[in-house]
Each structure stands twice: as C-alpha cells, then as structure tokens.
Amino acid sequence: MFKDLDPILHSQIRLAIMSILVGVESAEFAYLLDNINTTKGNLSFQLSKLKDAAYVDIKKSFKGNYPLTTCTITENGINAYESYISIINDYFKEYRLKKNKKK
C-alpha cells in the first residue's frame, strides 16, 4: 500500500539541505550551516552522502584566500525530492482519511 521512502532523503539534515537547494540556484556551505541546526562535520558528511547519490554537485574553490564550497541540486536530486514529497503526502492523505472515518 505505502511506497518506500527514499532512505537518502529520509534524514532530517539531508532533507533540510535538499529543501534549501531546491529553491535556490546554489548555496554556499556557510549558508547551509547557518540555516540547518548541525555541525560543520555532520553537514560535510551529509553533503557527501547526497553527492554520492548524485543528488547534489559540490564545487570547491577559493574566495580570496578562503576555501569556498558551493552546492547545487542536480536534476536527479530534483526528481528524487519531488518523488519523496509526493510519497510522503500519500502517507498524510491516508492518515487524514482514517482520521475522518473515526469522526
């Protein structure tokens, strides 16, 4: 009855990253860190997971003398995110149906 949720996206930090990236052209590591409640090490680890799944591209460069990591969502990532949202919405619809039947 229920479809499987994507285990890559079914993680609070990875879902937060994807939710930010789906709405912007790209985001710097520092921006993600400021907007997600996690540590630098955990954010880096979670970004690696998303990169390995081909959901994000990560570009490393320099801004002046400082390292700069920029993240962009891929077409694969957009499709996975949209699918995840659709599937989880089905879960919520089922809950609402059951809740309304009890009334």
Side-chain angles (χ1 to χ4, degrees):
M1 181 169 161
F2 291 108
K3 294 180 184 174
D4 290 338
L5 292 169
D6 183 336
I8 298 295
L9 295 180
H10 200 64
S11 150
Q12 182 177 343
I13 302 300
R14 292 191 294 266
L15 186 58
I17 292 166
M18 295 293 284
S19 293
I20 290 171
L21 293 179
V22 78
V24 297
E25 188 174 320
S26 65
E28 294 178 5
F29 184 90
Y31 179 83
L32 294 173
L33 191 61
D34 286 345
N35 288 281
I36 299 170
N37 187 22
T38 192
T39 63
K40 288 180 183 179
N42 191 31
L43 180 59
S44 181
F45 177 78
Q46 302 304 336
L47 283 168
S48 294
K49 290 271 196 187
L50 290 168
K51 181 181 178 192
D52 291 346
Y55 290 176
V56 298
D57 283 328
I58 298 174
K59 179 183 170 194
K60 298 206 179 250
S61 60
F62 285 90
K63 189 175 189 178
N65 291 331
Y66 299 97
L68 177 67
T69 301
T70 307
C71 307
T72 309
I73 194 168
T74 65
E75 191 67 35
N76 226 11
I78 292 168
N79 293 336
Y81 184 82
E82 288 174 349
S83 177
Y84 181 89
I85 296 302
S86 176
I87 291 169
I88 204 154
N89 273 327
D90 289 343
Y91 279 71
F92 297 141
K93 285 177 193 172
E94 184 67 25
Y95 164 75
R96 281 188 225 101
L97 284 172
K98 287 181 180 180
K99 184 177 179 184
N100 287 334
K101 284 182 182 179
K102 289 181 180 179
K103 287 182 178 181

Mind checking whether [X] and [Y] have side chains closer than 4.5 Å, heavy atoms only?
X     : Y     : value
Lys40 : Phe29 : yes
Ile73 : Met18 : yes
Ile17 : Leu43 : yes
Asp6  : Tyr55 : yes

Do you know which two heavy atoms are closest between [X] and [Y], and how far apart they sit?
X     : Y     : result
Glu25 : Thr72 : O-CG2, 3.3 Å
Ile13 : Asn37 : CD1-O, 4.0 Å
Leu21 : Ala27 : CD2-CB, 3.7 Å
Leu47 : Val56 : O-CG2, 4.0 Å
Ser19 : Tyr81 : OG-OH, 2.9 Å
Leu9  : Ala80 : CD1-O, 3.4 Å

Which pairs with one or both residues in residues 82-93 pass salt bridge (Lys or Arg N to Asp or Glu O under 4.0 Å), sequence neighbours excluded?
-> Asp90-Lys93
Could I get the full list of side-chain hydrogen bond (donor to acceptor under 3.5 Å, both in side chains) partners for Asn42, not counting sequence neighbours?
->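 Scan of Asn42 (side-chain hydrogen bond (donor to acceptor under 3.5 Å, both in side chains), adjacent residues dropped) gives Thr38, Gln46.
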Going from [atom1] on [X] to [atom2] on [Y], what distance comes out if it is rounded to the nearest 0.5 angstrom?
X     : Y     : atom1 : atom2 : answer
Glu94 : Asn89 : CD    : CG    : 13.0 Å
Cys71 : Lys59 : SG    : NZ    : 12.0 Å
Lys51 : Ser44 : NZ    : OG    : 10.5 Å

Say whether, by atom type as modelled, one donor and one acceptor occur between the side chain of Thr70 and the main chain of Glu28 under 3.5 angstrom.
-> no
Judged by atom type as modelled, is there a donor-acceptor pair below 3.5 Å linking the side chain of Ser11 to the main-chain atoms of Pro7?
->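 Flag not set: sc Ser11 to bb Pro7 has no pair under 3.5 Å.
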Would you indicate whether Tyr31, at its atom OH, is surrounded by more than 12 heavy atoms from other residues, nucleotides or ligands within a distance under 6.0 Å?
-> no
Above 12 or not: heavy atoms from other molecules or residues under 6.0 Å from CG of Asp34?
->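 Atom CG in Asp34 is crowded, with more than 12 foreign heavy atoms closer than 6.0 Å.
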Please determine whether residues [X] and [Y] belong to a single hydrophobic cluster, defined as Ile, Leu, Val, Met, Phe, Trp and Tyr linked transitively by side-chain heavy-atom distances below 4.5 Å.
X     : Y     : value
Phe2  : Leu15 : yes
Leu32 : Val22 : yes
Phe92 : Ile87 : yes
Ile78 : Leu5  : yes
Ile20 : Ile58 : yes

